[in-house]
Structures are given as C-alpha cells and as structure tokens.
Amino acid sequence: MAGFLLRRLAFGVLAVLVAASLAFVLAWHAPGGPAVGLLGEQAAAGQVEEVSARLGLDRPAIEVWAGWMGRLLRGDLGTSWREQAPVASLILERLPLTLTLTAAAALVAAIAGTLVGVAASASAARWPVAALAAFHAVPSYIVAQGLVLVFALGLGVLPVQGVADARDPAMGGVALGVERLRYLALPVAALALHQLCFTALLVRASVQEQMHLPHVTAAMARGRSRGGARWHHALPNATLPVATLTAARIGGLVGGALVIETAFALPGLGRLAVSAAVARDHPVVICCVVAACALVWLANLLADAIAPLLDPRLREG
Amino acid sequence: MIPRRTLALLLALLCATPALGQQRGGTAVIAVAGDPGHLNPAISTAGPLHAVAGSLFNGLVALDEVGGPVPDLAESWQVAPDGLTATFRLRDGVRWHDGRPFTSEDVKVSFEQLLLRFHARARAGLAPAVAAIETPDSRTVVFRLHRPHPALLRQLDVTEAPILPAHLFAGTDPNTNPANQRPIGTGPFRFDSWRRDDQVVLTRNPDYFRAELPRLDRVVFRIIPDANTQVNALLAGEVDMLARVSPPDVARLRGRGVTFAEMRSAPGGSNCIMTLGFNLDRPATGTLALREAFALGLDRAQMLERVVFGQGRVAEAPIASGIGWAHAPGGLSGWRQDVAEANRRLDAAGLVRGADGVRVSLDIVHFPAFARWSEILRQQLAPLGVALRPRMMDPAALSQAVFTRRDFDLTLISYCNGTDPEIGVRRMVHSAAVGNVPFSNAAGYRNAEVDALFDRAASLQDDAARGEAYRAAQAVLARDLPYWWLVETDFTAAWRDDFADFAPWSGQVAERAWRRR
C-alpha cells in the first residue's frame, strides 16, 4: 500500500508540474500580454515595456519558466502581479468555497442520483433514460438560469447570487449558517444536475442488471417484494461503480464550478482564475491550474483508497 | 391668493426635494463587473477599479451631466489668455480620510509621480502638454504647459486625474504601495472592507467637504461578472443600481420598478461612436472605392434599431453631436445608402466577384460584446460581395493585434470622443497617433491637412474658432473615409425606484444618492 501511495504521489507531482508548465506556455503566448492586462488596454508602448521589464518578462521564456518551476517545487507560489499579495493566500481564501461547492454537489449528485436511478430502474420504458440523457446534455449555465428564474425570481425563496446578503453584515452563528446554505442551494443544484443524471443512468442500468442475478431472484423467490429486492439486494452491489465514478468525475465538477461561480457571482477559485486570466496575472493563473490539478488528483486518490473499503474483492487483489 | 402656476411650481419643488429625514441613511448595493484588483485609480484605467475608487477620491474638478467642469477639490481656476498657464485655487479645510490636511503638495505628487507616469489616458493626453506643476503655497497649484491645451479642465475629474495623498505615495513605488489595498482618499465614502471577487464596502465620510453629502451610510460594490446575473439581482432586489445596462436588458427591466438614465457620458468615456476602422496599410481596405462602397452599402438606421434598440443616433459626422460646437451637422450626408452605386464603384475598382459571388474576404477584429454589430455588418455587406470573418478578442489582445501588430483588415471600436475633440478624436485621425498608443489611430491614417487643422484647433482658446477648424477637418475625413462612423451610442444606467439621484455619468456615482424608504 505504501509503495502504491508513493507511486501515486510521484505521479501526482509530475502531473501537476506538467499542467503548470502547459499553463505557463499558454499564458506566455496568450495574446495581449501581462503588461497590457495589468495596465489596462489603453497602456502606451513605453509603459508596456517598463512593466514587462519590472516583471522580468523581458528575459527568455525558458529562463522564466525554470525560475517559476524551481520556486513551485520549493513550495513558493509567488506574488500576484495585480494585487501584490501572496498567491498562496489568494488561493487559500477562495479554496474553501470551491471545495464546499464541489463536495456538496458531488454528495447531492451521488445521493439524489442513486435514488432517481433506483426509481427509474423500476420502469422498462425508455422515457426515463431519454429524460435523464436530455437533462445531462443541458449546460450548467442554462440550468443555473432556469433555477434562478423559478426559485429566485419566480417563487422568491432563494437568492440570485453571492454568498450572503450585502445589506446585513452583522449576521452570525446559526442564522449565518442557514443563510449561507440558502445562498449555496441554487449553485449546488445547478452544478450537481449534470452528475446527478449521469449517476442515475448508471444506477438504473446497474440495478436492472443486478435484478436478473441469482442472489436477487433467490431473494424474491424467498418472498421479498420486487421493490424490497431492488433496494436491499440489487442496490448495494450497484453502488460500487457509483462511488468510484463520482470520485473520478470530481475533475468535471471542479471545471463546472468555474462556470457556476461566474453565473452566481461566488468568490471561489474559478472566479479567481478567470479574473486573473483577464488581467494576465500569470502567477495566479498558473497556481489556480496547479490547485485544480491537485484537487482532481486528490479526489482520484481518495476514490482509489475508498474502493477497497466498499468492495472486499478489491482488498484481496 | 397664490397664483396657480406658482402653487404648481412650489408643489413640484416639494416633490422633487426630499425631506431631510428621507435623505439620510441606508445602504445602496451597486453591481460592478469585475474585482478591482487594487484601489489605486491613478495607476490604472481599468473600469472595475474606477467604478469603486471614484467614490473614495476626488479630482481637481468634477464634470456635470453634460461634461462641463465644475469645482471639486479646486474651488476656482484661471487659464491665462495665451493658454500656457492654468492656476487652481484649492478648497480650504479638506481632509484625507486619515485626518491629514489636503494641500497643493498632494496635487503635485499625484500628477508628477503617479498620473503622468502610470495613468494611461493622463499619460497620453496630459503628459505631452504639461511642462511643470508649481505649488507657490499650500492652496495654489499652477500648471505650466508646453502648448495650449484647451481640453485640460475636462481631463481633471476623478476618473481622469484622481488626487492621491502625498504623505502615503511620495517617493514610493506606487505599484506596490500598501495604500493600494486600503485606500485613503478625500471622497464622500471611506474604505471599510473588501472581500475579493465578492464585494467592497464603503462607509459615509462624516468629514466630507460637502457638508450635506453623502446621504447614504454605506455603499456596497457587489462584484457580479455576468451581465444576466446583474439584471436578475436587480430584479430580485439584491442589487440597487447597475451603471451599465444593455439595450435588450432595458426592455426586460422596463415596468419592473426600475428607473433608467440615458446618458452620453459615463466615467472614462463619453460621446461614443461605434466605428468601423479600415486598416489603410492593407491593399483592399486601403482602396478608397472599397471604403466608399461600405459608406454607400451599409444601412446604419437598421443597425441603430436592431443592435442598440434605438438607444442612440445614426452618426452624422466624424465628431459626435454631443460636442455641439465642434460637430459638423450633416457632415456625412453625402453618403446616402445606395447599394447599386456601391456595387458599381467596386466593379470600377476592379474588385470582381468570384464564382461564389465574393469579391473580397476581410477579417474584422472586435470585442466579443460587439458580435451583434459584426453579424449585421456581415449580412449587409454580403450583397456587395464582401465576406467578413469575425475575430473576437478581449481588450488586451485586440490592442496588440490592431495597434501593435496591425494584423487586421477591419476593426470595430467604440471610440469615445470625450468632452472635447482633443481628448478622443485627435488620437483617431492625427498622424502622430499611429501605432504608439492603443485605441488611437487604428486606421493608420496620415493626412497633413487634417493634422494641421487639429493642431490649429488645439492652439486656439475660443471654441467658435476651434469649431471651424474641426468642421474643416471633418469635411476631409468624410472624403477620405479612414473610418466609417456607424452609430452614436448612449449609456443606460438603471436603479431601483427606492433610490434617487445616482450620477452614473460621474466617477462619484453615489455622492448625492439617497434612499426613498
């Protein structure tokens, strides 16, 4: 196990460094350039040269890349060009919200997707599959707009955007917790829907397959109702791929969080990455990519660690 | 017995002037499209930064609704008859938010160490004109100029030339100064807190030099990047004011408890004309017949209706109608839409149609927000055999493609003329502005006659005489067509009916605002 974890760790570090290098190449060649991004588009040529020199961008790309990677390996994420603040602190400020959003969406998608999938498995008709596939295909941004129209503007029960009421800074304790949940409800729902549909489709197929296996038919022969057999005998075996795939698709959720954070004006990692990209704040952009890669890698590692706990057969292998 | 007209007038005044009890207090939430990054408005022209910082600082002058200079930190000024000296008398008793007194030294440091070096528009527009800034005493500032600069006063408001505290910035690197993150200004509101990518909170400055202002206790700038989310937040009452609303969103908000203000000016831009720029260095777009065909073939009234939903005017001249004394009414009327004539001129120029009916394919570089413009251009140019290939870029990338690399055939730019042709028109057409300043002479147009007319206008003090020179220049421009001026566009701001007296044309958007209930 230790060897396995070490190999995964080494692979993870390598993957993150490759991703950071790719991000560096893309940022370096992005049209516009950091100086224009930082000074505003009306910056004059002289100003652009001054700022480029101040940032050390007048040196060869390979030299700049080597410097950044060296610092990254030492754990130094650098300083934001735009905000003159340590990149690590900027990322740590935003990370909890993105983690909460993604984790909550993954949890909602896993639980609700499983319930919907089991319910859908009871019908042999094609329409539940068609409906789930159709919802699965709707982009998160459109889902977000639909949810806002119904629950925020139509029913007026949930807020449109943000993490808290801008007019009420004094809130604290339980009330603040409840308020934060209200503000997160729609973003989590919008982010979860795609994964929820995928999970439901997977569970439906899996449960239907299990329903024909001997242990389930035997349970029904012993007098279990069809519904009881579905929940107690077919479902437990059907959930193993759900757990693994939920973790494996965390990467997709992290990517989706970027869109959702913009649509709901949430100050998470995705927003930081977008605003840094617009300002050509390369240290921040590159470290956001590193953070996102690390998150995906951790999620996959977690999935690999959890799988043997769920499936005894994997422990033996 | 009070005459009925007088009574009506008194009633109107009573309704228009809110009672004091209603005027004070409350919070206004204003949406901004991006996080400011830092709050030093003297070293950047970025829009989100100025949207917030405008309420924290002041300029020497402020601009009224029609762009005229009115006192702000300077209570009065005098420009010498030769136009080479401008003397400002500063307001007495102004204090910075940390209690230190405001003096002429603050003005000198702001210009010499910050604005003329780092603020892109001040550096491009003011720096070449300013020879020296003198401070004979703590309340007097004298600008000595190399040459007369009639636009000077209109370039000194809080957006174009905010004044920052010398005691925090003198002799420092302004890019890394900690005060950029916790700003100290003289403005109507003080910095309170900032959650990145979420909101910046400002609170009322009780020592503001305009004693009766501001009326609001707090202003929260809520950072909402998505325009659709901004509109939804306004409808839901989570946001009270949007400084910029697109025409389709105006239609959506109408009749929903929202007040609109249509203006020709917004901070950092006024009297804007959506303009098609031809790259005169390219063979096709360098051909006058092709540019004439554009002028004859395009239906600008249709653009006005379909793209900006009637919010603006078809451009009548190269200088916007908002600068009345310099505008040439009917200056482009020689170009009436005539598609047949446009095709004839293209035939005569030897631009023959291929088998697919296309005479020439041109790329058009523009911001993503102008996609509707390029689409309608594509539709209208198809009958002429001109095919457009849109290339959408963000501002930084477009600036490099058009002004540095000159890698484009056509570009769509909303050129804001400013409140004086010296601010926003000279940069478009003067040969000295080719290639050295972004958003300047995109066409690469060089004409000695136009240069001389603009130089002459800049050397005069009298607007009537200056107007003559500008009108003569516009006649040449209408003949040479380095650009085709499409539509003068207005800015629309929107706020909930609970509020009144926002000033969306000014950097200090909430200085006078108040909450009705």
Side-chain angles (χ1 to χ4, degrees), chain A residues 30-48 50-51 54 79-85 90 93-94 141 144-145 148-149 152-153 156 158-169 261-268 271-272 274-281, chain B residues 26-27 29 31 34-35 37-38 43-49 117-121 123-124 175-178 180-181 193 195-199 201 218 220 222-226 228-230 232-236 238-239 393-401 403-405 435-440:
Chain A
V36 179
L38 294 171
L39 288 164
E41 63 270 18
Q42 296 177 39
Q47 280 179 292
V48 170
E50 284 168 24
V51 170
R54 179 165 60 81
T79 304
S80 158
W81 290 343
R82 185 174 65 142
E83 303 189 27
Q84 290 299 317
L90 293 179
E93 268 174 33
R94 312 301 208 286
Y141 181 83
Q145 298 307 317
V148 165
L149 277 179
L153 298 180
L158 291 169
V160 169
Q161 51 76 47
V163 285
D165 185 350
R167 289 196 183 77
D168 193 0
E261 284 174 11
T262 302
F264 287 97
L266 301 175
R271 285 277 302 286
L272 178 67
V274 171
S275 62
V278 171
R280 307 294 197 275
D281 194 348
Chain B
T27 298
V29 184
D35 190 84
H38 63 79
I43 61 171
S44 172
T45 53
L49 187 168
R117 291 177 60 201
F118 296 101
H119 188 286
R121 288 192 295 265
R123 178 168 163 147
N175 294 295
T176 56
N177 194 309
N180 293 352
Q181 304 299 323
S193 62
R195 285 205 306 266
R196 309 278 168 169
D197 278 327
D198 185 20
Q199 61 186 31
V201 180
R218 291 165 82 238
V220 178
R222 191 87 181 207
I223 298 148
I224 306 177
D226 185 66
N228 195 39
T229 309
Q230 288 192 5
N232 286 339
L234 187 78
L235 285 171
E238 294 169 25
V239 157
M393 299 181 183
D394 76 1
L398 183 139
S399 168
Q400 295 254 304
F403 298 96
T404 308
R405 299 200 312 276
N436 62 350
V437 177
F439 296 89
S440 52

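Every chain is numbered from 1, with letters handed out A, B, ... down the list of sequences.
- Across A:S80, A:S275, A:P159, the residue that shares the most heavy-atom pairs under 4.5 angstrom with chain B is A:P159.
- Taking both residues in full, the closest heavy atoms of B:A233 and A:V160 are given as N-CG1, 3.8 Å, listed atom of the first, atom of the second, then distance.
- In summary, B:D198 and A:R94 do not engage in a salt bridge, as defined by a charged side-chain N under 4.0 Å from a carboxylate O.
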Candidate pair B:R196 and A:E83, rule side-chain contact (heavy atoms from CB on, under 4.5 Å), full reasoning:
CA-CA 10 Å; B:R196 309 278 168 169; A:E83 303 189 27; 2.8 Å; yes

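- Using a 3.5 Å distance cut-off with no hydrogens or angles, the side chains of B:E238 and A:Q161 do pair a donor with an acceptor.
- Side chains of A:R271 and B:P225 form a contact here, defined as non-hydrogen atoms less than 4.5 Å apart.
- Of the listed residues (B:L49, B:I43, B:D394), the greatest number of heavy-atom pairs within a distance under 4.5 Å of chain A belongs to B:D394.
- The parts of B:N175 that come within reach of chain A are both its backbone and its side chain, each placing non-hydrogen atoms under 4.5 angstrom from that chain.
- If you measure heavy-atom distances from B:N232 to chain A, the contacts under 4.5 Å come from both the backbone and the side chain.
- For a residue to count as touching a neighbouring chain, one of its non-hydrogen atoms must lie under 4.5 Å from one of that chain's; by this rule A:E93 touches chain B with the side chain only.
- Every residue two or more places apart in sequence or in another chain was checked for a salt bridge (charged side-chain N to carboxylate O under 4.0 Å, His left out) with B:D226, and none qualifies.
- The shortest non-hydrogen separation linking A:R167 to B:T27 is NE-O, 3.8 Å.
- Taking each heavy atom of A:V163 and B:R222 in turn, the nearest pair found is N-NH2, 3.6 Å.
- For A:E261, no part sits under 4.5 Å from any heavy atom of chain B, backbone or side chain.
- Rounding to the nearest 0.5 Å places CD1 of B:I223 at 12.5 Å from CG of A:L266.
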Could you walk me through whether A:Y141 and B:N228 satisfy the side-chain contact (heavy atoms from CB on, under 4.5 Å) test, starting with their C-alpha distance in whole Å, then the side-chain angles of each, then the deciding distance to 0.1 Å, before giving a yes or no?
CA-CA 11 Å; A:Y141 181 83; B:N228 195 39; 3.7 Å; yes

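- Of all heavy-atom pairs spanning B:T229 and A:T262, the tightest one is OG1-O, 4.4 Å.
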